[in-house]
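Structure record follows, encoded as structure tokens.
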Amino acid sequence: YLLHEQRVAKAVFDKVAHSGCINAAPNIRYLQSPYALFNGDLLLAAFKPSGGMHVLLGDFTGHGLPAAIGAMPLAEVFYSMTAKGFGMTDILREMSDKVRQVLPVGRFVAVALIAINEANRSIEIWNGGMPALQLLDEAGQVIDVCRSFSLPLGVTPSDAMEFMPERRYFDRPGRVLAYSDGLIEARNRDGEYFGLPRLLDVVRGNPTGQRIGAARIAISDFLAGESHHDDISLVLAGFGHGMSVVPHPAGG
């Protein structure tokens, strides 16, 4: 009975948390492998009214249902404010306030928020507590790195935080590679970490359309039957491909 209740709750959670364009956007490929039935990692994407898109990867403290509960109000803020045309700074401040309102003391969420704007050929990234985001060229070579220069949301009041994103301009196609620490800190039976170098080797060693599948296989082979002890998330968000990234109809 409890398992049935959890499955119903998960269906509701998935509709709320994944009501954006994460499965419809042609420039996004991702992998998620939760530690429990509910995922403590949050991956969202939504089109902006003026064109372009926002992509968010978040990692809540803890696992399972307690972590997932905090994801729902965060997803609501992300989708509603993106749809209304708000910028990253306003969205981050509102999410920070919401996290502090709903999460118990000592709980927080690390967040990487990405804005891709094809019109002015720019990428904006705000990284609060997530592993360093890698900007890759089409061959998978690292051309830039965006490290965390801020605390996760929920640690300190919003007034004490800086929400100004880093901006990068691009003149050629590439990908933003974002991932949770559960991926690079996955350990095999020998206590070895999967690590960022191994992940980058997988990306460089496979064609664009096969990289997520290759990463899934590489992680499985590395663990060799051992279970991972944290939620695993990986996303590749493409930019500079001349695509028309515009709002889709509701539900798209």
Q. If you measure from CD on Q32 to CG on L43, what distance do you get to the nearest 0.5 Å?
A. 5.0 Å
Q.
Any non-hydrogen side-chain atom of I232 less than 4.5 Å from a side-chain atom of D41?
A. no
Q. Does atom CZ of R204 have more than 12 heavy-atom neighbours from other groups under 6.0 Å away?
A. yes
Q. Does some side-chain heavy atom of M95 sit less than 4.5 Å from a side-chain heavy atom of L56?
A. yes
Q: Kindly assign one of parallel, tilted or perpendicular to the pair F222 and F194, based on the angle between their ring planes and the thresholds 30° and 60°.
A: perpendicular
Q: Please answer whether the main-chain N or O of G129 pairs with a side-chain N or O of S148 as donor and acceptor at a distance below 3.5 Å.
A: yes
Q. With distance as the sole test, does R167 use its side chain to make a donor-acceptor pair with the main-chain N or O of S122 at under 3.5 Å?
A. no
Q. Out of curiosity, N127 CG to C146 SG, how far, rounded to the nearest 0.5 Å?
A. 8.0 Å
**Q.** D190 side chain to E192 backbone, donor-acceptor under 3.5 Å
**A.** no
**Q.** For E124 against P165, the heavy-atom pair lying closest together
**A.** OE2-CG, 3.8 Å
Q) Between atom CD1 of I125 and atom CZ of R147, what is the distance when rounded to the nearest 0.5 Å? A) 12.5 Å
**Q.** Gap between atom CE of M88 and atom NE2 of H54 - 0.5 Å precision
**A.** 6.0 Å
Q: Using the side-chain contact (heavy atoms from CB on, under 4.5 Å) rule, pick out the option among L234, V145, L135, L133 that qualifies with L177.
A: L234
Q.
Between W126 and V111 (side chain of the first, backbone of the second, donor and acceptor by atom type, cut-off under 3.5 Å), is there such a pair?
A. no
Q: Indicate the atoms forming the closest heavy-atom contact of L183 with S233, along with that distance.
A: CD1-O, 3.8 Å
Q. Given side chains that start at C-beta, do those of F170 and E118 come closer than 4.5 Å, heavy atoms only?
A. yes
**Q.** Heavy-atom side-chain contact between S96 and L153 under 4.5 Å
**A.** yes
Q: Would you give the length of the straight line joining atom CD of E162 to atom CZ of R93, rounded to the nearest 0.5 angstrom?
A: 8.5 Å
(Q) Assigning hydrophobic clusters by single linkage (Ile, Leu, Val, Met, Phe, Trp, Tyr; side-chain heavy-atom cutoff under 4.5 Å), is I116 placed with I143? (A) yes
Q. If every non-hydrogen atom of S80 is compared with every non-hydrogen atom of E76, which pair is closest and at what distance?
A. OG-O, 2.8 Å
Q: Indicate yes or no for a side-chain donor-acceptor contact from R211 to the backbone of V203 under 3.5 Å, with no hydrogens or angles considered.
A: yes
Q. Is it the case that one hydrophobic cluster holds both M130 and Y30, taking links as side-chain heavy atoms less than 4.5 Å apart, direct or via other members?
A. yes
Q. Side-chain contact, heavy-atom cut-off 4.5 Å: M81 with E94?
A. yes
Q. Side-chain heavy atoms under 4.5 angstrom apart, residues restricted to Ile, Leu, Val, Met, Phe, Trp, Tyr: same cluster for L196 and I217?
A. no
Q.
Testing the basics here: between L92 and F163, what is the closest heavy-atom pair and its distance to 0.1 Å?
A. CB-CD2, 3.6 Å
Q) Can you find a pair of side-chain heavy atoms, one from V102 and one from P73, that are under 4.5 Å apart? A) yes
Q.
Minimum heavy-atom separation for L44 and A75, please, with both atom names.
A. CD1-CA, 3.7 Å
Q. Between L31 and I219, is any pair of side-chain heavy atoms under 4.5 Å apart?
A. yes
Q: Using modelled atom types only, decide if a donor and an acceptor are shared between the side chain of R198 and the backbone of Y193 within a distance under 3.5 Å.
A: yes
Q.
Using 0.5 Å steps for rounding, measure from the CG atom of D137 to the CD atom of Q141.
A. 6.0 Å
Q.
Between the side chains of E138 and R175, is the shortest nitrogen-to-carboxylate-oxygen separation below 4.0 Å, so that they form an ion pair?
A. yes
Q | Joint cluster assignment, Y179 & V202, ILVMFWY side-chain distance < 4.5 Å | A | no
(Q) In the structure I gave you, are the side-chain heavy atoms of L42 and F78 within less than 4.5 Å of one another anywhere? (A) no
Q. Taking all atoms of both residues into account, what is the closest heavy-atom pair of L151 and M161, and its distance?
A. O-CE, 3.2 Å
Q: Dump the intermediate steps for side chain to side chain contact (heavy atoms under 4.5 Å, CB included) on L74 and F60, then the final yes or no.
A: CA-CA 11 Å; L74 208 66; F60 284 81; 3.8 Å; yes
